[in-house]
Amino acid sequence: MRIFILSISLFFSIIASAQSSLDELLRLYNNQSIPYISVSTLKTIQDTVLVLDARERKEYQISHLKEAIHVGYDNFKIDSITKQHIPKDSHIVVYCSIGIRSEDISEQLKKAGYTNVYNLYGGIFEWKNRGMPILNAKEELTDEVHTYSEEWSKWLFKGKKIYSN
């Protein structure tokens with residue numbers, strides 16, 4: 001039993017040390033099947049792409065990117081996109097808190113035939129960390145960001161951290 005506990009402790013310490021940077025964290029959880037788009041690039045083309053928010057409704061209501069469409073994660077259905085007859089060559093950027101859930105949703109879009117799908121590197125956290133504007137449910141500027149969990153909140157350096165609503 002003692003060896004098992006030591007093994008588990010070692011495993012979690014390796015995981016914790018591997019997460020010392022956002023790059024390392026994303027490499028740990030993602031398979032990089034979807035190209036990333038940077039905050040600065042998205043900012044320059046934001047009005048010309050379809051932006052999808054892959055977080056849960058309560059996260060989206062706290063704050064989201066301008067004109068982002070909430071698609072969720074836990075109950076996401078690819079039909080919610082395909083039934084809108086969005087051209088398969090549309091430029092689509094998907095984001096979540098830091099870029100893990102958004103890769104999963106992006107992979108579903110790619111599998112459905114969408115060819116220009118991108119994952120926002122660092123998600124809404126990186127967007128806010130770079131000083132970009134976010135909106136609340138009333139479409140007003142806000143500093144609040146739902147951090148998904150206390151564990152993930154360490155990646156949000158700017159703004160007011162919200163853990164639930």
As an exercise, state the distance from [atom1] of [X] to [atom2] of [Y], rounded to the nearest 0.5 Å.
| X | Y | atom1 | atom2 | answer |
| --- | --- | --- | --- | --- |
| Gln84 | Asp79 | CD | CG | 11.0 Å |
| Ile134 | Lys66 | CD1 | NZ | 14.5 Å |
| Leu25 | Asn30 | CG | CG | 8.5 Å |
| Asn136 | His64 | CG | NE2 | 7.5 Å |
| Lys111 | Ser106 | NZ | OG | 14.5 Å |

Exercise. In terms of hydrophobic clustering (I, L, V, M, F, W, Y; side-chain heavy atoms under 4.5 Å; direct or indirect links), are Val51 and Val94 co-clustered?
Worked result: no

Exercise. Between Tyr148 and Arg101, is there a cation-pi geometry (under 6.0 Å to ring centre, at most 45° from the normal)?
Worked result: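 Ring-cation test returns yes.
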
For this session: Can you sort out the partners of Glu144 under salt bridge (charged side-chain N to carboxylate O under 4.0 Å, His left out), two or more places apart, ordered by chain and number?
Result: Lys160

For this session: Please examine the side chains of Leu42 and Leu65, heavy atoms only from C-beta on, and report whether any two atoms are closer than 4.5 Å.
Result: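 Sidechains of Leu42 and Leu65: in contact.
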
Problem set entry | Validation row: Ile81, Gln108 side chains within 4.5 angstrom (heavy atoms) | no

For this session: Verify, without hydrogens or angle tests, whether Asn75 (side chain) and Glu56 (backbone) share a donor-acceptor contact under 3.5 angstrom.
Result: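 Judged by distance alone, no pair lies under 3.5 Å.
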
For this session: Hey, could you give me each pair passing ring pair (Phe, Tyr, Trp, His ring centres under 6.0 Å) that has a residue in residues 114-135? Not counting sequence neighbours.
Result: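 Sorted result for residues 114-135: Tyr36-Tyr121.
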
Problem set entry | Contacts of His70 that satisfy ring pair (Phe, Tyr, Trp, His ring centres under 6.0 Å) - sequence neighbours left out |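 For His70, the residues satisfying ring pair (Phe, Tyr, Trp, His ring centres under 6.0 Å) (neighbours in sequence not counted) are Tyr60.
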
